[in-house]
Amino acid sequence: MNIVACVKQVPDTEALIKVKPDGSGIEEGGIKWVMNPYDEYGVEEALKLKEKLGGEVTVVCAGPARAMETIRTALAMGAEKGIHISDPALDDADAYTTASALAAAIKEIPYDIIFCGQRAVDDDSGQVGSILAELLDIPQMTIITKLDVEDGKARAVKPIEGAQLVIESPLPCVVTAQKGLNEPRYASLPGIMKAKKKPVDVKDAAALGLSVDVKAKVDKWMPPPERAPGKIIEGDDASVTAAELVRLLREEAKVI
Amino acid sequence: MSKGVWIVAEQRDGALRKVSFEIAGAARKLADELGDEVCAVLLGSGVEGIAPELGKYGVDKVYVADDPVFEPYTTDAYAAAVAKVVKENDPAILLLAASVQGRDLSTRLVGKLATGMATDSVEVRIVDGRLIAKRPMYAGKCFGEISVSGSPQMASLRPNVFPAEENAKAGEVVKFDPALSADELKTKVVDIQKDTSGKVDLTEAEAIVSGGRGMKGPENYKIIEELADVLGATVGASRAAVDAGWRPQSDQVGQTGKIVSPNLYIACGISGAIQHLAGMSSSKYIVAVNKDPDAPIFSKADYGIVDDLFKVVPEITKAAKQLLG
Ligand SMILES: Cc1cc2nc3c(=O)[nH]c(=O)nc-3n(C[C@H](O)[C@H](O)[C@H](O)COP(=O)(O)OP(=O)(O)OC[C@H]3O[C@@H](n4cnc5c(N)ncnc54)[C@H](O)[C@@H]3O)c2cc1C
Ligand SMILES: Nc1ncnc2c1ncn2[C@@H]1O[C@H](COP(=O)(O)O)[C@@H](O)[C@H]1O
């Protein structure tokens with residue numbers, strides 16, 4: 001099996017996000033960068049599949065120089081090699097542009113299945129996996145919590161509102177990973193040592209024949225709306241505080 | 001010239017979903033500002049009869065493709081059909097629900113139509129004749145205003161945020177034949193396991209009662225369920241409760257769970273870690289019950305009770321029952 005896992009480097013979920021005063025972006029100073037949590041599930045599933053069926057895992061990442069660290073993390077977890085798409089022209093890439101870059105890189109290698117995260121926890125856009133599948137003209141199975149690959153087919157469980165679907169797709173296809181798919185492994189110390197020697201191919205937009213045309217732009221960034229300060233309902237008698245809460249929900253908030 | 005505001009209506013088991021009326025309402029407002037019409041695409045099997053219902057929510061024209069191939073939903077059939085009718089009619093704006101189905105379909109359409117989209121938008125408006133969509137990013141730690149230079153300008157809208165307003169229109173029904181070829185249809189649904197709880201999904205619930213590690217064990221969720229029953233609410237959980245195996249994965253609220261926007265969110269025994277707050281802080285009213293007065297959840301709560309949840313929650317249930325009968 002030739003398995004591809006797409007990984008994005010994002011701010012740690014613990015990070016406080018501050019918008020620049022002029023609204024042109026976020027302050028990046030002090031941010032700890034990590035692999036997108038959903039991509040950890042994708043990499044883990046790629047590795048499990050390789051361990052079961054044999055083959056190789058290639059990680060693909062578009063991002064600035066620092067993103068190399070995230071590629072090394074995936075190599076330390078057990079992937080064989082990496083492709084790093086690095087070009088300042090991609091700094092403000094939207095989902096379509098990013099997917100085009102990933103598609104261009106993936107087209108140059110053999111692939112039977114491609115993993116993405118169901119969304120990246122920075123832009124929260126959740127688009128790249130599907131667009132990538134369309135650009136490669138292969139099927140997609142998105143937001144997946146269970147996967148079985150057998151006889152050239154992939155079978156997946158996809159939770160929807162109030163039900164679970166079991167869906168099936170021929171290979172190759174794109175699978176986007178949701179929490180629940182697996183428990184991502186940690187990189188072992190020997191894994192980290194080995195990762196340093198694994199090959200990573202660095203490519204820019206020109207090498208991939210990409211012309212960058214960003215179609216969705218963030219014009220303005222802003223902090224979240226302030227919430228009005230809340231009310232603590234004081235008192236030791238739970239029957240009294242509870243009754244007061246219910247009264248407030250009814251008369252003030254009008255939500256019950 | 002691209003013209004018109006289009007939506008993709010969503011139906012399940014032959015009934016239009018509430019979120020379809022919400023996006024119709026949002027589309028109507030945009031179209032009125034542009035002096036344009038609202039068109040909806042409706043796909044399904046045996047759904048022609050429900051198409052006029054969209055008229056009640058401001059849709060001028062409904063393009064219906066009624067064919068067994070559309071039941072159940074598959075990305076392949078839906079994306080091919082919508083792309084076809086959209087390409088033929090060249091709308092200026094295309095809106096979908098950021099529901100599970102809408103997320104899958106809208107993103108494939110971005111690829112097929114080679115355009116851009118603002119995912120999970122919470123506000124849409126027209127500025128200088130163009131769509132501006134506001135959406136949370138970094139799990140709501142900041143917001144962005146997005147414009148799309150591709151065509152159509154696409155946005156998916158978060159369920160439960162846009163009001164579904166009745167706005168009587170004739171709702172003319174136009175049938176179309178997407179003429180799908182078999183080689184376009186690669187994926188299939190082999191099984192559907194319905195959840196038997198009969199509860200509204202967290203992402204669409206108007207009220208949610210959530211329990212965290214403070215619940216101490218799965219058996220204690222009974223008191224959460226009792227309160228939820230009285231309020232007509234859905235039960236949620238923190239990741240700590242899910243990872244402990246007390247609640248199913250589908251109950252998790254937060255950055256790696258579900259992002260919810262109910263009118264009322266009651267957090268019981270949840271500390272309010274940044275990843276949990278990320279998933280629920282756009283709720284209209286937040287209530288926190290926690291014995292630790294310094295728990296970060298209180299910084300987001302409209303109403304807080306600092307006390308033992310095992311004493312307070314049953315009392316809330318009792319008081320609510322008295323009020324609501
Ligand atoms: C990458 C990543 C993603 C994550 N995603 C999510 C996510 O999507 N959703 C999520 O929820 N978390 C998520 N987390 C985990 C998050 O950081 C917290 O660990 C988790 O939310 C804590 O859950 P909790 O509030 O239930 O537990 P705790 O933080 O342990 O809080 C329990 C609270 O219960 C209170 N309590 C205890 N007993 C009682 C009592 N008898 N009466 C009243 N109060 C009581 C305590 O005072 C305490 O505040 C994520 C973490 C990471 C690293
Ligand atoms: N710059 C990138 N490099 C590699 N993979 C990416 C990149 N951006 C997005 N992806 C993949 O697409 C998924 C969804 O991202 P998004 O559509 O941005 O939310 C991520 O979880 C990654 O697997």
Which heavy atom in B:Lys141 sits nearest to a heavy atom in A:Ala15, and how many Å separate them?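 Nearest pair, atom of B:Lys141 first, then A:Ala15: NZ-O, 3.0 Å.
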Non-hydrogen atoms of chain A under 4.5 Å away: do they reach the side chain of B:Ile259, the backbone, both or neither?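 For B:Ile259, side-chain heavy atoms alone lie under 4.5 Å from chain A.
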Between A:Ala253 and chain B, which part of the residue has a heavy atom less than 4.5 Å away: side chain, backbone, both or neither?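 Contact with chain B is through both the backbone and side chain of A:Ala253.
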Determine, for B:Arg135 against A:Asp124, whether the closest basic-nitrogen to carboxylate-oxygen distance falls under 4.0 angstrom.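 Salt bridge flag = no for A:Asp124 with B:Arg135.
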Which atoms of A:Lys158 approach chain B - backbone, side chain, both or neither, heavy atom under 4.5 Å: side chain
Could you state the interatomic distance from OG1 (B:Thr256) to CZ (A:Arg119), rounded to the nearest 0.5 Å? 8.0 Å
With side chain to side chain contact (heavy atoms under 4.5 Å, CB included) as the criterion, how do A:Asp219 and B:Ile132 come out once you've worked through the C-alpha distance, each side chain's angles and the decisive distance to 0.1 Å? CA-CA 9 Å; A:Asp219 295 327; B:Ile132 299 286; 3.9 Å; yes
Closest non-hydrogen atom pair between B:Arg108 and A:Ser130, with its separation: N-CB, 3.7 Å
Distance from A:Ile167 atom CD1 to B:Thr74 atom OG1, nearest 0.5 Å? 9.5 Å
Non-hydrogen atoms of A:Ala216 and B:Gly116 that approach each other most closely: CB-CA, 4.0 Å
Under 3.5 Å, is there a donor-acceptor pair between the A:Glu161 and B:Thr203 side chains? no
Relative to chain A, which segment of B:Glu206 carries a heavy atom at a distance below 4.5 Å: side chain, backbone, both, or neither? neither
Identify the heavy atoms of A:Ile131 and B:Thr107 that sit nearest to each other, and give their distance.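 Distance-wise, the nearest heavy atoms are CG1-O, 3.5 Å.
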Heavy-atom pairs under 4.5 Å with chain B - which of A:Val19, A:Leu249, A:Leu135, A:Asp94 has more of them than the others? A:Leu249
Any side-chain donor-acceptor pair under 3.5 Å between A:Ser239 and B:Glu315?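 No - no donor-acceptor pair under 3.5 Å links their side chains.
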With B:Tyr303 as reference, evaluate A:Lys231, A:Glu252, A:Glu244 under the side-chain hydrogen bond (donor to acceptor under 3.5 Å, both in side chains) test and give the passing residue. A:Glu252
